[in-house]
Amino acid sequence: MVSEQWADTPISNDQSGRAQEYALRYAVVFSLRRADGSTAVPQQAVELSRDYLAPAVDSIGKASEREMLVRELRRDMAAAILRRVDAASKPAAQ
C-alpha cells in the first residue's frame with residue numbers, strides 16, 4: 001500500500017450551523033509487484049464513502065455507528081483491492 005487516508009466531511013448542518021451529517025471517506029493508493037520486481041497491478045486509487053448522522057448532542061450510539069462504518073469500509077476496501085488484483089492476474093482476452 002502506498003497511502004491510506006480517512007476524512008469526515010460535513011454534508012449538512014442544523015439550524016445553529018453545527019455539522020449534523022457527515023460523509024466518511026476512505027481512500028487507498030496501492031500497487032502490486034511480482035517477486036521478480038515487475039508490476040502486476042499499476043499504482044491506482046480506490047475511494048469509498050458512507051454517510052452517517054452525528055447530532056450536536058453526541059450519543060454513544062452515534063460514536064459506535066462511525067466505528068462500525070470504519071470496520072465496514074476496511075472490509076469493503078480489502079474486497080475492492082482483491083477484485084482488482086484478481087482482474088489483473090487473468091490473461092487478456094484475445
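We count residues from 1, following the sequence as given.
- For Gln20 (side chain) and Arg18 (main-chain N/O), no donor-acceptor pair under 3.5 Å exists by modelled atom type.
- Across Val85 and Val41, no two heavy atoms sit closer than the pair CA-CG2, 4.0 Å.
- In the hydrophobic cluster analysis, where Ile, Leu, Val, Met, Phe, Trp and Tyr join through side-chain heavy atoms closer than 4.5 angstrom, Val2 is grouped apart from Leu82.
- Qualifying salt bridge (charged side-chain N to carboxylate O under 4.0 Å, His left out) partners for Arg83, counting only residues two or more places apart in sequence or in other chains: none.
- Residues Tyr22 and Arg66 are not in side-chain contact: their nearest non-hydrogen atoms beyond the backbone lie 4.5 Å or more apart.
- Shown here for Asp8 and Pro10, the closest heavy-atom pair between the two residues is O-CD, 3.9 Å.
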Check: Can Arg71 and Arg75 be said to form a side-chain contact (heavy atoms from CB on, under 4.5 Å), step by step?
Finding: CA-CA 6 Å; Arg71 287 190 303 271; Arg75 184 184 63 238; 5.9 Å; no
Check: Are Arg50 and Asp76 close enough, and set up right, to give a side-chain contact (heavy atoms from CB on, under 4.5 Å), and what steps lead you there?
Finding: CA-CA 11 Å; Arg50 300 286 186 280; Asp76 292 350; 2.4 Å; yes
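- With values rounded to the nearest 0.5 angstrom, Gln44 atom CD is found 4.5 Å from Arg84 atom CZ.
- Between Glu65 and Tyr52, the shortest heavy-atom contact is OE2-CB, 3.4 Å.
- Residues Leu73 and Ser49 share a closest heavy-atom pair of CD2-N, 4.2 Å.
- Going from atom CG of Leu48 over to atom CG of Leu69 covers 12.0 Å, rounded to the nearest 0.5 Å.
- Counting all heavy atoms, side chain and backbone alike, Ala88 lies closest to Ala40 at CB-O, 3.6 Å.
- No chain of hydrophobic side-chain contacts below 4.5 Å, direct or via other Ile, Leu, Val, Met, Phe, Trp or Tyr residues, connects Leu32 to Val29.
- For CZ of Arg25, the number of neighbouring non-hydrogen atoms (other residues, nucleotides, ligands) closer than 6.0 Å is 12 at most.
- The two residues Arg34 and Thr39 come nearest to each other via the heavy atoms NH1-O, 2.9 Å.
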Margin query: Apply side-chain contact (heavy atoms from CB on, under 4.5 Å) to residues Glu4 and Tyr26 and explain how you reach the verdict.
Written below: CA-CA 7 Å; Glu4 173 184 52; Tyr26 182 35; 2.5 Å; yes
